[in-house]
Amino acid sequence: MALVAREAGVRTQVVIVGAGPAGLLLGRLLEQAGIDAVILERRSRDYVLSRIRAGVLEAGSVALLERVGLATRMHAEGLVHDGCSLAFDGDVQRIDFQALTGRSVMVYGQTEVTRDLMDARDASGGVTVYEAADVVLHGFDGAHPRVGYRRDGVAHEIACDFIAGCDGFRGVSRASIPPAALDVAERVYPFGWLGVLVDQPPAAHELIYASHARGFALSSMRSPTRSRYYLQVPSDETAEAWSDAAFWDELRRRLPPAAAAALRTGPSIEKSVAPLRSFVAEPLRFGRLFLAGDAAHIVPPTGAKGLNLALADVARLAQGFAEYYAEGSSAGIDAYSAAALRRIWKAERFSWWMTSLLHRFPDTDAFGRRIQRAEFDYLAGSTAAATALAENYTGLPM
Ligand code: APR
Ligand code: PHB
């Protein structure tokens, strides 16, 4: 009954557009603060859960999921990693996160985080409208925003106090802001990542980020029996152009020898190419519309910051909404954009830096390659340099 009445209508405090990790965690945090919210998601629940994304959680993201009571399955099934390795033309350097920072990361797929958030929302009766078509945002430059959508051909409209645009890079929220009101900074990299998922134990217990003269490769995992591997490929490459055999051959060439020897191959259960991009649109607020997660910014996957940034954004935004409703103070929501952007730009810098260090660029000449090598040697020989990497990788303060 409540669901019908609220879906049909009429009014809530915050409309959240998008049921990715950003929108769902925001929904959870608002619910815990006693704030009423409706989530509108364009796709079906199953479609959202079928998307394959990265899965390395910073220490702060783990703490955040614990704080919202969603850590049981993560602690049971996630893999705690105390370090990772960088490789350069076969030479390997382990970065010991625990020794350098006292922190670890958690390998737990974004799909699993999303599923835990969806299950919790279903259990608590929070309203999520899946397959909400033609979402349109109205009036967010004034005091009375409204959000329209269609479900099964029927038009609905929800009045609200605020709209949270958590609808990813190609969503409607950022696109609804007048372009002149946004500053956009972007870098599109001249390559992509070809990813393969396989039901085989990973080639190594920890992640290996490998720079090779032929291009970058990454050895990662989802579980002790499911591995995730990536190869740098030209931007215009298609996954269909790569047979499984060609993928494994090329991966073996690029991984350091011990990992290449330990590589267990099998039929790929997913194979796709993702472009690499750095992107920030700022500010993160226009009137009563707030942007969070991929709706506002993209990082290249080197360093696995995308999911973590999305979670950090909405933690801050939820705090602002909580202060607004509990204390009548706008201080938190007024500070949101500038405060979140300071952290976002540091993650942009780190992701760009790791990408630059490890990839082969079309203009990487002999000088450029020697500079990359020198950077690797510096990381291998300097506790200060390795600590800077470990501190960023395990996560800057939320
Ligand atoms: N109306 C409603 N929902 C929409 C619309 C729309 N017009 N457009 C997009 N969406 C939905 C998408 O279907 C998706 O489920 O918004 C959701 C956005 O989720 P994500 O793309 O996962 O973005 P976010 O929640 O910010 O999470 C960021 O995802 O892309 C990765 O690397 C990124 O790991 C990071 C994380
Ligand atoms: C992944 O496992 O998909 C993954 C891990 C680390 C990254 C990027 C992707 O930096």
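Start at 1 and go down the list; that is how both ligands and their atoms are numbered.
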Suppose I only count heavy atoms of [X] and a 4.0 Å limit; which atoms of ligand 1 are within that range?
| X | answer |
| --- | --- |
| Arg51 | 12 (C), 13 (O), 14 (C), 15 (O) |
| Val172 | 7 (N) |
| Val17 | 1 (N), 2 (C) |
| Gly293 | 26 (O) |
| Leu40 | 2 (C), 3 (N) |
| Cys166 | 16 (O), 17 (C), 18 (C) |
| Gly171 | 8 (N) |

Task: side chain to side chain donor-acceptor pair (under 3.5 Å) partners of Asp141, counting only residues at least two apart - done: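 Listed in chain order: nothing, the list is empty.
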- [ ] Could you list the residues that satisfy side chain to side chain donor-acceptor pair (under 3.5 Å) with Arg253, not counting sequence neighbours?
- [x]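 Partners of Arg253 by the side chain to side chain donor-acceptor pair (under 3.5 Å) criterion, ordered by chain and then number, come out as Glu250.
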What protein heavy atom sits nearest [atom], and how far away is it?
| atom | value |
| --- | --- |
| atom 34 (O) of ligand 1 | Gln110 OE1, 2.5 Å |
| atom 24 (P) of ligand 1 | Ala22 CB, 3.9 Å |
| atom 1 (N) of ligand 1 | Val135 CG2, 3.6 Å |
| atom 33 (C) of ligand 1 | Asp294 OD2, 3.1 Å |

Shortest heavy-atom approach to [atom] - which of [options]:
| atom | options | answer |
| --- | --- | --- |
| atom 12 (C) of ligand 1 | Arg45, Arg43, Glu41, Arg53 | Glu41 |
| atom 27 (O) of ligand 1 | Ala133, Pro21, Gly20 | Pro21 |
| atom 10 (N) of ligand 1 | Leu25, Asn308, Asp167 | Asp167 |

Open item on the list: Ring-plane angle category for His359 and Phe361, please: parallel below 30°, perpendicular beyond 60°, tilted otherwise.
Closed with: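 Plane angle over 60°, so perpendicular.
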Which is it for [X] and ligand 1 at heavy atoms under 4.0 Å: side chain, backbone, both or neither?
| X | result |
| --- | --- |
| Arg42 | both |
| Leu309 | neither |
| Ala310 | side chain |

N or O contacts of ligand 2 with protein under 3.5 Å, please list pair by pair.
| unit_1 | atom_1 | unit_2 | atom_2 | d |
| --- | --- | --- | --- | --- |
| ligand 2 | 2 (O) | Ser220 | OG | 2.5 |
| ligand 2 | 2 (O) | Arg222 | NH1 | 2.8 |
| ligand 2 | 3 (O) | Arg222 | NH2 | 2.8 |
| ligand 2 | 3 (O) | Tyr230 | OH | 2.6 |
| ligand 2 | 10 (O) | Tyr209 | OH | 2.6 |
| ligand 2 | 10 (O) | Pro301 | O | 2.8 |
| ligand 2 | 10 (O) | Gly303 | N | 3.2 |
| ligand 2 | 10 (O) | Ala304 | N | 3.3 |

Task: Heavy-atom pair of closest approach, residues Arg121 and Val127 - done: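 Result for this residue pair: NH2-O, 2.7 Å.
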- [ ] Determine the minimum heavy-atom distance between Ala59 and Ser104, stating which atoms define it.
- [x]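 Ala59 and Ser104 have their closest heavy atoms at CB-O, 3.6 Å.
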Side chains of residues 327-336: which donor-acceptor pairs under 3.5 Å do they make with residues two or more places apart or in other chains?
| unit_1 | atom_1 | unit_2 | atom_2 | d |
| --- | --- | --- | --- | --- |
| Ser329 | OG | Ala331 | N | 3.1 |
| Asp334 | OD1 | Arg285 | NH1 | 2.8 |
| Tyr336 | OH | Leu291 | O | 2.7 |

Before accepting this row, confirm whether a basic side-chain N of the pair [X]/[Y] lies closer than 4.0 Å to the acidic partner's carboxylate O.
| X | Y | value |
| --- | --- | --- |
| Lys271 | Glu240 | no |
| Asp119 | Arg45 | yes |
| Asp82 | Arg94 | no |
| Glu348 | Lys305 | no |

TODO: Using distance alone, determine whether Leu307 and ligand 1 share an N or O pair under 3.5 Å.
DONE: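 Between Leu307 and ligand 1 (N or O atoms, distance only) the closest approach is under 3.5 Å.
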Task: Ala54 near ligand 1 by a heavy-atom separation under 4.0 Å - done: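 No, Ala54 has no heavy atoms under 4.0 Å from ligand 1.
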Open item on the list: Is any side-chain heavy atom of Trp193 closer than 4.5 Å to one of Pro301?
Closed with: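 The answer is yes; the side chains approach within 4.5 Å.
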Open item on the list: Is it the case that over 12 heavy atoms from other parts of the model lie below 6.0 angstrom from the NE2 atom of His144?
Closed with: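 At most 12 heavy atoms, drawn from other residues, nucleotides or ligands, come within 6.0 Å of this atom.
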- [ ] Could you tell me whether the side chains of Tyr209 and Tyr393 share a donor-acceptor contact shorter than 3.5 Å?
- [x]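 Distance-only check passes for Tyr209 and Tyr393.
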TODO: Would you please say whether a donor-acceptor pair under 3.5 Å links the side chains of Thr114 and Glu112?
DONE: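 Result is no, nothing qualifies.
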Task: Identified salt bridge (Lys or Arg N to Asp or Glu O under 4.0 Å) partner of Asp161 from the options Arg11, Arg288, Arg146 - done: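 Between Asp161 and the candidates, salt bridge (Lys or Arg N to Asp or Glu O under 4.0 Å) is satisfied uniquely by Arg11.
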